[in-house]
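Encoded as structure tokens, the structure appears first; notes follow it.
All values reported here derive from a predicted model rather than from experimental measurement. Chain letters run A, B, ... following the sequence lines, proteins first, then strands; residues in each count from 1.
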2 protein chains.
Amino acid sequence: MSDLTDLPSPVPPSVTAAWIGLMRAQRIVLAAIEADLKAAGLPPLGWYDVLLELARATEGRLRPFEIEKRTLLTQYNLSRLIDRLEGKGLVQKALSGEDGRGRWVVITQDGRAMQARMWAVYSRALSDHVGRKLDESSADALASLLAKLTDGG
Amino acid sequence: MSDLTDLPSPVPPSVTAAWIGLMRAQRIVLAAIEADLKAAGLPPLGWYDVLLELARATEGRLRPFEIEKRTLLTQYNLSRLIDRLEGKGLVQKALSGEDGRGRWVVITQDGRAMQARMWAVYSRALSDHVGRKLDESSADALASLLAKLTDGG
DNA sequence: GCGACATAGATGCAATAGCATGTACCTGCT
DNA sequence: AGCAGGTACATGCTATTGCATCTATGTCGC
């Protein structure tokens, strides 16, 4: 009886190494950053992503489906994340005039303050866990290699 | 009142770009691979990681804490994942003679078969979502840049 | 051998993610 | 206008995760 695991893989070792490295690096760095946020008594990174998009948007507001595209959050997770943000007073929901199906999610002053407080910790964590390990040209090179993975096709 | 978000970030743009690229690439590729597994009626990637480690281990068995180190799973998640694997007959738990606290997790024949079935799909997905987008030298370069992020310090 | 502390693993409970579906509204066709 | 289908968002239910803690055993110093 042959064992498929013994057959030579059609996947070049460099490709598996890249993939495993991608998973490991993302998990390890993300865990480190989340730990720093938690140690500072701040909410998880997902909150930051939403707050940042809102803070950058004109009039500090976006439709949920716009946030969804920008953040890669799923529709149902975003729906509930917005509820939590609203529960903490960081955003408000408003009815959309133009589209009766839609809602606006509007960032509050507390929301902007939270985004800034989180960035203070987040940016330090980024410097620490990414910047300290890659010089700028390596970081550029990494970013452009990663972009190849997500570009269309 | 100053707004921290307007202060120049201490983080170089290349570093943020690398980090955002890392998050995006990992999420997108992982989601694509998980989708392929699911479409084939197979369990998620976490199962594969554990089964592969067991399949590679001598006598097809490892202690939970050994699996934990190899996979980056947390202790409590692994404990429950093993329960699920056992529930499907893919592994068995056995008492450890040497260390009364310990258990052995032993892969079954069904477990080996599942690992092989998953690899068939997984390897195709890897070729498709990673190999097809990176030539081998790019993949090597990516792997070594990523390694810098996880190396000590 | 006993007590203090560490390690291996399990587990109750609360929070979050995933899935399927529901509701409301929109758009386009007839 | 009326219906078919699509989009935007919410939600009930289940599965998984995270956290804190528990049990059991091991190790070390005395």
Notebook entry, point to check: How many angstroms lie between atom CE of A:Met118 and atom CG of A:Asp49, to the nearest 0.5 angstrom?
Noted result: 8.5 Å
Next item on the list: Answer yes or no: is there an ion pair linking B:Glu66 with B:Lys69, defined by an N-O contact shorter than 4.0 Å?
Entry: no
Notebook entry, point to check: Ion pair present between B:Arg63 and B:Asp99, side-chain N to carboxylate O less than 4.0 angstrom?
Noted result: yes
Over how many whole Å does the gap from [X] atom [atom1] to [N] atom [atom2] extend?
X       : N      : atom1 : atom2 : value
A:Leu45 : D:dG18 : CG    : P     : 14 Å
B:Lys93 : C:dG9  : NZ    : P     : 10 Å
A:Glu68 : C:dG18 : CD    : C1'   : 14 Å
A:Glu34 : D:dG18 : CD    : P     : 10 Å

Next item on the list: Could you check B:Asp99 against B:Arg84 and say which one's nearest nucleotide on DNA chain D is further toward the 5' end?
Entry: B:Arg84
Check: When you measure from the side chain of B:Arg103, which nucleotide among D:dT25, D:dA8, C:dA10 comes out closest?
Finding: C:dA10
Check: Of the residues in residues 69-83 of chain A, which ones touch DNA chain D at a heavy-atom distance under 4.0 Å?
Finding: A:Gln75, A:Tyr76, A:Ser79, A:Arg80
Check: Are any of the side-chain heavy atoms of A:Val15 and B:Ser127 separated by less than 4.5 Å?
Finding: no
Margin query: Would you say B:Thr74 and B:Asn77 are linked by a side-chain donor-acceptor pair, where the criterion is simply a distance under 3.5 Å?
Written below: yes
Note to self: Need to verify one output field. Residue with the more 5' nearest nucleotide on DNA chain C, A:Pro44 or A:Glu98?
What the structure shows: A:Pro44
Check: Is there a donor-acceptor pair closer than 3.5 Å between any side-chain N or O of B:Thr71 and the backbone N or O of B:Ile67?
Finding: yes
